[in-house]
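Structure first, commentary second.
One-based numbering, in listed order, for ligands and for the atoms of each. Because only heavy atoms are used, hydrogens play no part in the values below, and waters and symmetry mates are left out as well, while side chains stay in. The first residue of the sequence shown is numbered 1, and numbering continues consecutively from there.
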Amino acid sequence: MKLIIAIIKPFKLDEVREALADVGVAGMTVTEVKGFGRQKGQTEIYRGAEYSTNMVPKIKIEVVCDSAMSDRVVEAIQQSANTGAIGDGKIFVLDVGQAVRIRTGETDVTAL
Ligand SMILES: Nc1ncnc2c1ncn2[C@@H]1O[C@H](COP(=O)(O)OP(=O)(O)OP(=O)(O)O)[C@@H](O)[C@H]1O
């Protein structure tokens with residue numbers, strides 16, 4: 001099994017979710033996060049003064065899937081989250097040792 005972590009632009013979430021459903025992803029976790037890549041330098045006004053902030057709102061998607069479908073999941077995210085502009089995000093792929101469905105005790109791929 002693989003854990004695929006994707007950091008994407010928030011407005012791309014619906015499109016990415018649909019693309020993941022199309023390749024057979026059954027579940028995912030979504031978190032609102034902040035981060036920066038190479039773009040940095042975003043500015044914001046607070047009480048009339050301009051402040052530089054390096055932290056840009058992003059969405060983090062976590063998907064655990066069978067290793068055999070990992071490449072398809074990564075491709076679906078890369079294509080659906082892509083605008084061609086800076087800040088489109090990153091995808092990380094990690095190995096997963098174990099999964100358990102709490103309700104039934106099913107394990108590994110059958111727990112996904
Ligand atoms: N090395 C990293 N480790 C963890 N998270 C990262 C890393 N790089 C980027 N991120 C996350 O991904 C988000 C988007 O990164 P971003 O797309 O700006 O990266 P980039 O390398 O500058 O690419 P681009 O040139 O396309 O902007 C960041 O806001 C941050 O949350």
Side-chain angles (χ1 to χ4, degrees):
M1 293 174 293
K2 299 285 186 184
L3 166 60
I4 296 158
I5 301 172
I7 313 294
I8 65 167
K9 290 180 171 170
F11 75 91
K12 279 290 192 177
L13 176 58
D14 286 345
E15 220 174 308
V16 171
R17 192 174 53 193
E18 281 169 25
L20 289 174
D22 287 347
V23 296
V25 166
M28 70 183 74
T29 301
V30 174
T31 315
E32 292 178 4
V33 296
K34 288 182 178 178
F36 64 87
R38 297 177 303 180
Q39 82 273 20
K40 301 185 182 156
Q42 177 173 297
T43 58
E44 70 179 17
I45 306 293
Y46 180 70
R47 294 187 175 169
E50 187 175 75
Y51 291 85
S52 171
T53 169
N54 293 332
M55 295 295 181
V56 182
K58 300 286 177 184
I59 291 286
K60 179 170 76 171
I61 297 172
E62 293 166 291
V63 178
V64 177
C65 67
D66 192 342
S67 300
M69 67 184 284
S70 172
D71 287 349
R72 270 174 283 150
V73 171
V74 169
E75 189 181 0
I77 296 171
Q78 198 271 326
Q79 290 179 355
S80 58
N82 191 316
T83 70
I86 60 168
D88 272 354
K90 294 269 165 74
I91 303 171
F92 305 106
V93 182
L94 292 73
D95 289 322
V96 172
Q98 191 178 11
V100 178
R101 174 172 286 115
I102 291 175
R103 179 175 59 85
T104 60
E106 290 166 288
T107 58
D108 298 338
V109 172
T110 56
L112 300 180

| Any N/O of I86 closer than 3.5 Å to an N/O of ligand 1? | no
| task | Check each of I59, T83, V56 against K9 using the side chain to side chain contact (heavy atoms under 4.5 Å, CB included) test, and report the only one that passes. | result | T83
| Nearest-0.5 Å distance that lies between atom CD in E62 and atom CD1 in I7 | 8.0 Å
| field | Geometric N/O contact F92 with ligand 1, under 3.5 angstrom | value | no
| said: Using a 4.0 Å cut-off to any heavy atom of G87, which atoms of ligand 1 qualify? | reply: 16 (P), 17 (O), 18 (O), 24 (P), 26 (O), 27 (O)
| said: Counting only heavy atoms closer than 4.0 Å, does ligand 1 sit against the backbone of D88, its side chain, both, or neither? | reply: backbone
| Distance in Å, L112 CG paired with R101 CZ, rounded so as to fall on 0.5 Å steps | 7.5 Å
| Does any N/O atom on I7 come nearer than 3.5 Å to any N/O atom on ligand 1? | no
| Reported SG-to-NZ distance for the pair C65 and K2, which is rounded to 0.5 angstrom | 9.0 Å
| At what distance, to the nearest 0.5 angstrom, does CD of E18 lie from CG of L13? | 10.0 Å
| said: Quick check: K58 and ligand 1, any N/O pair under 3.5 Å apart? | reply: no
